Protein chains: 2
Amino acid sequence: MYQVKELSQWGGVSIRTLHHYDQIGLLKPDLIGENGYRYYGDQSLERLQQILFFKELDFPLREIQAMLDHPGFDRQKALRAQYELLQSKKNRLETIMETVKETLLSLETGQKMKIKEMFKGMDMQAIEAHKEKYAQEVEERWGHTPAYKQSQQKTAHYTAQDWERIQARTAAIYSQIVAGMGRGPADPEVQAAIADLRQSFCDYYYDCTPEIFKGLGEMYVADERFTAFYENIQTGLAAFLSQAIAHYCEHLPG
Amino acid sequence: MYQVKELSQWGGVSIRTLHHYDQIGLLKPDLIGENGYRYYGDQSLERLQQILFFKELDFPLREIQAMLDHPGFDRQKALRAQYELLQSKKNRLETIMETVKETLLSLETGQKMKIKEMFKGMDMQAIEAHKEKYAQEVEERWGHTPAYKQSQQKTAHYTAQDWERIQARTAAIYSQIVAGMGRGPADPEVQAAIADLRQSFCDYYYDCTPEIFKGLGEMYVADERFTAFYENIQTGLAAFLSQAIAHYCEHLPG
DNA sequence: ATAAACTATCACGTAAGGAGAGGGTCAAGC
DNA sequence: GCTTGACCCTCTCCTTACGTGATAGTTTAT
């Protein structure tokens, strides 16, 4: 277990930065002593490394958090993408260096430069596009749906405390569902919890229409990353959830 | 003359950014139409280029402004320094890329990395030191005087509006002095303006004692960079200022 | 036991713009 | 001469990723 100072020195960041990352939930200590001290383990080191790599590439912290917490985040894949992005950043730097050199030359020879040459390499669009590509790859097909956008808009203003409340509420619902797994997906209490779940989606993220909700339920078994996420909570939960949601959607009033 | 959109496209910055640069006095348009439109000339292009180069190296805008406005700023020298700094930034990127690669390798072989290796290249200290070196070089011999330090302390908290006020006041004083150039350095109105000038130095930068003020006046003709700066406002201004300040200092009460 | 070197939590401040409202201006085509 | 689309302006509030104290508890070293 390492303390803040060690981490901050290794990572070349300030202690305040680690406090900040803790506050927004980007990098929580593995353990908090009864004196309030933050203690980090080896996993946190890896996570910090990932954070710093992404930060080097100018990803906003919120996106970094979303990517690292995405069920099915793949560290190897991420590292490979990071390498590529660093490469293009390097290329951009080299272009700028050429521009500087050419400018020097034009000063010495007294030759006027073309305007476009003066700013070659300065626009970030190429890299930004590249970045977006990776970020979208992580989010795959959800990135362009209107529901996703709404979710982004809503969650943009959530504070750290909001997130804690949301996580607490969601966890409570899942534990309700897990508790009812023995009684089958049509069990009234299970169905009530499913209704709660949908309501919480509506409250916190986006209009979770019956159609969307149905699609979500199907995805829980069709998409291995979601499956992994829920199986991790409880074996069999992914399939159970999927069935319970299907049942819920079929028996909606109206 | 170019409009904001052209400039913004060439430089790969937003229009809002140009507005901002105008507001803080970093890049003022060469001409403002009576419709309020901003028009930039070729000199502004060069200045924008310099700004972007420095920004690429993470210099804060305030420092960029200070360097570009420093009497005796040398574009060639700046470009050479920028090239070097870009080089070290590139080296740092390459180190990070190696770290990414090694991390990948350690994942594949299952070998654990040493902590320091995990973060190799992430700290910016080396480059920051390099940057500081150049910034100090620009300020040359003023950098270590107590007056300079006081000035740094005072100006550190100035806002954009403060700077606008200061520039406006200073410009007004200089135009007073220029207007009085025909009447000689001892003219009462000129002397009043000189007193104002010294007062404004005291207010905004540092205790401008009579001795310092005298030295400053001499520098205006002795140091070519200052001379160039004032000659640029009005031919003959440097010498006139110098004489007027000398006269002022000799006739101080007490 | 006392100093030095850690740690913590507020609370406020900052830089460099982004976003958007609300509203003028200019050139082209009809 | 009028509209329309592409410009431009100012103004105000918002955001990100922390920096900067202030104040105070804790651990370790002498």
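We name chains A, B, ... by the order of the sequence lines, and we start the count at 1 in each one. What you see is a predicted model; the values in this text were computed from it and never measured.
No donor-acceptor pair closer than 3.5 Å links the side chain of A:Glu84 to the backbone N or O of A:Ala81. The closest donor-acceptor contact from the side chain of A:Glu6 to the backbone of A:Gln3 lies under 3.5 Å. Checking side-chain atoms of A:Asp196 against main-chain N and O of A:Ile173 turns up no donor-acceptor pair under 3.5 Å.
In this structure, A:Gln3 places its CD atom 10 Å from C1' of D:dT26, rounding to the nearest Å. If you measure from atom NE2 of B:His20 to atom P of C:dA15, you get 9 Å, rounded to the nearest angstrom. Rounded to an integer number of Å, the gap from CG of B:Asp58 to P of C:dA15 is 16 Å. Spacing between atom CG of A:Leu31 and atom P of C:dT7 amounts to 15 Å, rounded to whole angstrom units. Separating the CD atom of A:Glu34 from the P atom of C:dA8 is a distance of 15 Å, rounded to the nearest angstrom. Between the P atom of C:dG17 and the CG atom of B:Leu18 lies a distance of 10 Å, rounded to the nearest Å. Regarding B:Asp22, its CG atom lies at a distance of 14 Å from the P atom of D:dC8, rounded to whole Å. The distance from atom CD of B:Glu63 to atom C1' of C:dT14 is 15 Å, rounded to the nearest whole Å.
The listed nucleotides are D:dA17, C:dT7, D:dG19; the one nearest the side chain of A:Leu61 is D:dA17. Distances were taken from every side-chain heavy atom of A:Tyr37 (C-beta onward) to each of D:dA17, C:dG18, C:dT7; the shortest belongs to C:dT7. When each of C:dA16, C:dT7, D:dC8 is scored by its nearest atom to the side-chain atoms of A:Ile15, the top-ranked nucleotide is C:dT7. Of the candidates C:dC12, D:dC9, C:dT9, C:dT9 carries the atom nearest the A:Arg38 side chain, counting heavy atoms from C-beta on. Of the candidates D:dC8, D:dA17, D:dC18, D:dC18 carries the atom nearest the A:Arg16 side chain, counting heavy atoms from C-beta on. Comparing C:dT7, C:dT25, D:dC9 by their nearest atom to the side chain of A:Lys5 picks out C:dT7.
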Would you be so kind as to tabulate the donor-acceptor pairs closer than 3.5 Å made by side chains of residues 47-54 of chain B, with sequence neighbours excluded?
unit_1	atom_1	unit_2	atom_2	d
B:Arg47	NE	B:Leu26	O	2.7
B:Arg47	NH1	B:Asp69	OD1	3.0
B:Arg47	NH2	B:Leu26	O	2.9
B:Arg47	NH2	B:Asp69	OD1	3.0
B:Gln49	OE1	B:Arg75	NH2	3.2
B:Gln49	NE2	A:Thr103	OG1	3.0
B:Gln49	NE2	A:Met118	O	3.0
B:Gln50	OE1	B:Gln82	NE2	2.9

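For DNA chain D, no neighbouring residue in residues 45-54 of chain A is found when judged by any heavy atom under 4.0 Å.
When the side-chain nitrogen and oxygen atoms of A:His19 are compared with OP1 and OP2 of C:dA8, one or more of them lie within a distance under 4.0 Å. Considering only side-chain N and O atoms, B:Lys55 lies nowhere under 4.0 angstrom from the phosphate OP1 or OP2 of C:dA15. The phosphate of C:dG18 has OP1 or OP2 within less than 4.0 Å of a side-chain N or O from B:Thr17.
For the pair A:Arg92 and B:Glu56, the salt-bridge criterion is met [side-chain N within less than 4.0 Å of a carboxylate O].
With axes fitted over five pairs at each extremity, the angle between the ends of the helix from C:dA16-D:dT15 to C:dC30-D:dG1 is 20° (10° resolution).
Residue contacts shown for B:Tyr39 are absent, as no nucleic acid heavy atom lies under 4.0 Å away.
The side-chain heavy atoms of A:Glu117 and A:Thr99, taken from C-beta on, include no pair separated by under 4.5 Å.
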**Message:** Let's go through A:Leu27 and A:Ser44 carefully: what are the C-alpha distance in whole Å and the side-chain angles of both, what is the deciding distance for side chain to side chain contact (heavy atoms under 4.5 Å, CB included) to 0.1 Å, and is it a yes or a no?
**Reply:** CA-CA 7 Å; A:Leu27 182 66; A:Ser44 295; 4.2 Å; yes
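Mapped onto DNA chain D by nearest heavy atom, A:Asn35 and A:Ser14 fall at different nucleotides, with A:Ser14 at the one closer to the 5' end.
The two residues A:Tyr40 and A:Leu7 have their closest heavy-atom pair at CG-CD2, 3.7 Å.
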